[in-house]
Participant: 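Before we start, here is the structure in question, set down as structure tokens.
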Amino acid sequence: MEFVNSRKDDLPDLRVNIGSLKIANPVMTASGTFGYAREFENLMNLHRLGAVIVKGISLYPRAGNPPPRIVETACGMLNSIGLQNVGVDRFISEKMAYLAELNIPVIVNILGDSLAEYQEITTRLCGVPGVAGIEVNISCPNVKKGGVAFGTDPSMAAAVTEAVKERADVPVMVKLSPNVSDIALVARAVEDSGADSISLINTLIGMAVDLKTRRPVLANVIGGLSGPAIKPVALRMVYQVASVVSIPVIGIGGIETAEDALEFMLAGATAIQIGTASFVNPRASEEVVEGIGNYVISEKLPSVRDIIGQLSVDLQ
Amino acid sequence: MEFVNSRKDDLPDLRVNIGSLKIANPVMTASGTFGYAREFENLMNLHRLGAVIVKGISLYPRAGNPPPRIVETACGMLNSIGLQNVGVDRFISEKMAYLAELNIPVIVNILGDSLAEYQEITTRLCGVPGVAGIEVNISCPNVKKGGVAFGTDPSMAAAVTEAVKERADVPVMVKLSPNVSDIALVARAVEDSGADSISLINTLIGMAVDLKTRRPVLANVIGGLSGPAIKPVALRMVYQVASVVSIPVIGIGGIETAEDALEFMLAGATAIQIGTASFVNPRASEEVVEGIGNYVISEKLPSVRDIIGQLSVDLQ
Amino acid sequence: MSQYQEKATVIRTEQFSEKNYRLTLDSPDIARSAKAGQFVMIRAGFGKDPLLRRPFSIHQTSTNGQIQIYFKIVGRGTDMLARIKAGDDLSVFGPLGKGFVIHENFPALIVGGGLGIAPMLFLAKSICRLKGDCGNDQIILGGREKVEVEPLVKDFKEFGIKMLLATDDGSYGHHGLVTDILSSLELHNRCTVYTCGPEPMMARVYEICKVRNVACQVSVESVMACGMGACLGCSRPTSKGTYAHVCLNGPVFKAEELVWNS
Amino acid sequence: MSQYQEKATVIRTEQFSEKNYRLTLDSPDIARSAKAGQFVMIRAGFGKDPLLRRPFSIHQTSTNGQIQIYFKIVGRGTDMLARIKAGDDLSVFGPLGKGFVIHENFPALIVGGGLGIAPMLFLAKSICRLKGDCGNDQIILGGREKVEVEPLVKDFKEFGIKMLLATDDGSYGHHGLVTDILSSLELHNRCTVYTCGPEPMMARVYEICKVRNVACQVSVESVMACGMGACLGCSRPTSKGTYAHVCLNGPVFKAEELVWNS
Ligand SMILES: Cc1cc2nc3c(=O)[nH]c(=O)nc-3n(C[C@H](O)[C@H](O)[C@H](O)COP(=O)(O)OP(=O)(O)OC[C@H]3O[C@@H](n4cnc5c(N)ncnc54)[C@H](O)[C@@H]3O)c2cc1C
Ligand SMILES: Cc1cc2nc3c(=O)[nH]c(=O)nc-3n(C[C@H](O)[C@H](O)[C@H](O)COP(=O)(O)OP(=O)(O)OC[C@H]3O[C@@H](n4cnc5c(N)ncnc54)[C@H](O)[C@@H]3O)c2cc1C
Ligand SMILES: Cc1cc2nc3c(=O)[nH]c(=O)nc-3n(C[C@H](O)[C@H](O)[C@H](O)COP(=O)(O)O)c2cc1C
Ligand SMILES: Cc1cc2nc3c(=O)[nH]c(=O)nc-3n(C[C@H](O)[C@H](O)[C@H](O)COP(=O)(O)O)c2cc1C
Ligand code: FES
Ligand code: FES
């Protein structure tokens, strides 16, 4: 890393590098929880964000699942949005202009149901102004493999990574699914296939039942669990993955406050993403940036980078 | 099933069969959360329970992990008790007499770090008065396989099941770990190896970090996540497993109320276990029995068995 | 369109029945910018549970910076809200969504049932204020029993707008449904019917409007996580075969835009 | 040994400093059966978060069925408890654990520091009641500053027991530590020292007792999930190389039973 110390002395140094992607601070918004950023423009200062990750984009528009799509659970929520999005072409033509003008790094979350689809989206994103990186959502079902999620099998995860890397002209972040027996195995496979960074965790698969109607609450039966409830699982997986890969790790899962974010950084995350918390408090991401800054100042750290992976672990 | 309708007409019929094990109602206490039952004798009517499952027993006594062993998380808790227990011999000599006199089915949760250990515990439990069943905790690390948990690999799960079944003189319930890519696969392997029933879920692996000390909160670094936070994951897995096996499924995970319990039964559970909830409310298990009874009466169900697996699912 | 996250002090709590409550909140930014039919997202409780905010229609606003919500206890969030005391603070986020479209020159007919009465006070006030004279407008309010309607009538009466009342059990006003009353009325062919209430009631109101060929605006509900277009959780099928988002495209829709199961 | 889960009504709340509070609860079963040194588990908040009960020493009991807890805000649970108002209900579970062992015929010396003062009022009361005359007993109370000690002194004084006071900043009583005072005292060779407070303080008290060869009982803390022996979460290393469980085998131990890092 090369950080020229050009900052004003009273401002904390929050810069981090996600491989070749340099961001002003480690706080990103998680895909699917921040719309296309514009939704938040009246509610917070978007320029304070390290990066924006937009709602997952597929090759063709998707209508998403029938309602109900969300249900609250204990300290969390289940969603089965069904990856509703406008498709990559309309995303580029309708959404990117605004995002590019924000002048903050925009990372496009992509999804597909075949390697070819992942590749084609990546190709279309090449050269689009404002796109600073691609985040690959590998929690999607692989249609060819009978709907098993790409992310649950190390070799399929590797194949998606390779396919996207082959075409991408920006850094590629691969977003892991937590619904696996051995997250370190998937992480290593993804790293070996050329991923520039790894983000985790996506949602845990869950379900809610309505006793009165005797039906699943979600029309889609199952959904993805997010929010504070999953934070312990996310922290554990970030710690495990950061211990076995040498590319940057981005922590996600139940982060609401700067304290939460710093815990993930101690466990090895170079940056973090704010998801569900933005629903509860639209200013959550900005407040986390402020809180991390205050911590760096009060702890007199040269930079926020000095806490990454600094967890002291002595197993007895 | 053969249920002679000998009950008084004003009492709800709550009887269920876990294979050949007949219990008065579907409510059991989860292993490790109810001590050896005696701890609760002043606080509730133990005779109201469908069954008691005791703290996991190993071949030799285990001291358990150094403190801190527990930490609260959002709507849940992490524990790393480290399987502290008195060992099978002292369990039989010191604890079983009291339990046998309770006159409710006692299911002994067993654990080991090798197939031989599982087998030896099972052998020592043969013929012990009061033991109505064995629950096999397969979330333990297999020392021979470098510490990978038996429960994360279908073939190892199958091997443990077979080993225990070979020796057991009572029905064998195998308790699955949720930390796997495909719970249905493990469940089928366990069924094929002769398990009489399947209970799930054990705890999710998680971690907590203390920002002030920059250390993991738990001395053991990682721990098992339980409580309401994990209920959506548990419900989903119970639903998945109940759809693919034909032996009874016992639901566990975040159950606090009769409503929670009934949701698991709709999703396919024949019975359920109360874990963490007993810490918050020592009478939780008894209250769940009462609540299920009230439901059966108010819904005018012939028996509680009439709701097992009655979830209406129409995928659009 | 500006939105605000305010720490609103509770000015007054009113309990109308075992389950029905009204809160008055000091929320100047929202009071100033809200339009009838819009809603707010309120955080109930202190801990992380319940996690998500709950949506509530703005019942009325006042020029001194206060807003009211009128709600019923149906679950944990509303149960916690009902325990709030004057002087406590609540985190309120709004105003959100699209409100009612008011047509200055033609009569309005407001039909509110049960908790669907909540947004109608603000709407009635807005219509009367805009028109100056609301002599041609009418309001039909209904509920299961007297306590669901009677305590609210006084506030509506302030504008001299014509009111028709109904209860399912006959304990107050007409014995029957608001839709019975609606069916019995002559409707100006350019009037707009505004409705909010249980789904079957709104479906029936829309049916009547369709037959009479008059415009119908409905305010609908949906589970919501964010209330502001970020989660895409609040989808509702439209008559075009797509999904609308209640928080962004609604909660007020032209009835014909939506799919009605009746 | 009986334990009770009671819905206890809050009778009185007292705030002694920014963070220190005392609650008086109507909890007749627990009040009747509690012994000095025992504790209760209290549920803070309404939702599922915080999930677990929080342990608090019984500060004192009264013959009219009330108990008190004295606590400090250190996190979310205690923060919620501090917001409780008289008239609210709390779920209280107890009395739990083993209390202090009182020796009728020999002098007692009580050493409480900070929040460790909490169980000592009950202990002092019990000792005086048992002995009739507590002229040979003494109490040393200390804290960081005046507000941590002074508000509690009045209740202790009721028994005529001899009191020695200290604060770290000298704002009240002796300027220094309770252990300074302890070191300076002559101790009857069959007296028992009872102590509760921060770990380093208790370690030091035990050291002094060891040197003087007098008995020392300590009341220690631990994170707890159940408070009654079911979870095995509250382990603490013993000098025998095993683990004791604070909720069951404690919270009061003979100091020599435990491992002290000093
Ligand atoms: C735009 C909008 C405006 C609303 N205005 C009002 C109002 O003015 N007054 C009022 O009393 N209620 C209003 N509601 C409904 C209100 O939001 C729900 O009653 C509330 O969220 C329930 O929260 P809870 O925690 O008490 O219930 P929960 O415990 O979350 O759920 C209890 C029951 O309520 C249902 N429910 C939960 N959330 C909603 C929801 N968003 N909409 C409908 N049903 C729900 C659940 O399916 C469940 O059956 C409005 C909803 C929307 C979307
Ligand atoms: C037997 C016993 C008796 C106690 N008596 C009193 C008393 O009379 N008055 C009083 O103020 N406190 C007492 N405590 C400590 C009290 O239980 C904790 O302060 C309380 O649980 C903190 O809850 P919280 O939600 O506010 O903090 P949390 O948000 O849970 O944690 C905040 C901080 O407090 C620490 N903490 C959490 N739980 C405990 C615990 N059980 N023991 C020690 N530290 C903890 C955490 O490690 C963290 O640093 C006692 C503890 C025990 C075990
Ligand atoms: C409503 C919703 C929609 C989501 N959509 C996507 C998506 O399109 N692509 C993706 O990779 N993750 C998606 N996620 C997952 C989040 O980005 C994040 O990984 C997860 O919610 C965990 O973080 P949290 O606990 O902070 O919310 C979505 C999450 C939610 C709640
Ligand atoms: C403190 C504690 C100790 C536990 N010990 C065991 C054990 O010895 N054997 C076992 O199979 N499961 C053990 N479990 C797991 C529980 O039996 C149960 O599967 C899990 O807690 C999920 O249920 P819950 O959410 O209702 O607590 C333990 C759980 C806790 C919280
Ligand atoms: S509630 Fe989130 S988009 Fe409507
Ligand atoms: S707190 Fe559960 S055993 Fe002590």
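Nothing here was measured: the structure is a model prediction, and the numbers come from that model. Chain letters run A, B, ... following the sequence lines, proteins first, then strands; residues in each count from 1.
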Participant: Provide the closest heavy-atom pair for D/Gly233 versus B/Arg69 in the form atom of the first, atom of the second, distance.
Facilitator: O-CB, 3.6 Å
Participant: Does any heavy atom of chain B fall under 4.5 Å from the side chain of D/Met41, the backbone, both, or neither of them?
Facilitator: neither
Participant: Counting only heavy atoms not in B/Tyr98, do more than 12 fall under 6.0 Å of its OH?
Facilitator: yes
Participant: For B/Gln84 and D/His245, which heavy atoms make the closest approach, and how far apart are they?
Facilitator: NE2-NE2, 3.0 Å
Participant: Checking heavy atoms, do the side chain of B/Glu256, its backbone, both or neither come under 4.5 Å from chain D?
Facilitator: side chain
Participant: Report the option among D/Gly229, D/Pro50, D/Ser222 that has the most heavy-atom pairs separated by less than 4.5 Å from atoms of chain B.
Facilitator: D/Pro50
Participant: Would you find more than 12 non-hydrogen atoms of other residues, nucleotides or ligands less than 6.0 Å from D/Arg144 atom CZ?
Facilitator: no
Participant: For a 4.5 angstrom cut-off between non-hydrogen side-chain atoms, does D/Cys231 reach B/Ser278?
Facilitator: no
Participant: Can you say whether D/Thr242 sits under 4.5 Å from chain B via the side chain, the backbone, both, or neither, judging by heavy atoms?
Facilitator: neither
Participant: Heavy-atom count around D/Lys35 NZ within 6.0 Å, excluding the residue itself: above 12?
Facilitator: no
Participant: Using a 4.5 Å cut-off on heavy atoms from C-beta on, say whether the side chain of B/Phe279 contacts that of D/Met224.
Facilitator: no
Participant: I want to check something: taking the side chain as every heavy atom from C-beta on, are B/Val217 and D/Val223 in contact at a cut-off of under 4.5 Å?
Facilitator: no
Participant: Rounded to the nearest 0.5 Å, what's the gap from CG on D/Leu232 to CG on B/Leu83? Could you check?
Facilitator: 10.5 Å
Participant: Report the distance from atom OG of D/Ser235 to atom CD1 of B/Ile81, rounding to the nearest 0.5 Å.
Facilitator: 7.0 Å
Participant: How long is the gap from NZ on B/Lys231 to NZ on D/Lys48, to the nearest 0.5 Å?
Facilitator: 6.5 Å
Participant: Quick one: what part of B/Asn281 sits under 4.5 Å from any heavy atom of chain D, side chain, backbone, both or neither?
Facilitator: both
Participant: In terms of heavy-atom proximity below 4.5 Å to chain D, should B/Arg38 be classed as side chain, backbone, both, or neither?
Facilitator: neither
Participant: Do the non-hydrogen side-chain atoms of D/Arg76 and B/Glu72 ever get within less than 4.5 Å of each other?
Facilitator: yes
Participant: Starting at OG1 of B/Thr276, measure out to CG of D/Leu52 and round the result to the nearest 0.5 Å.
Facilitator: 8.0 Å
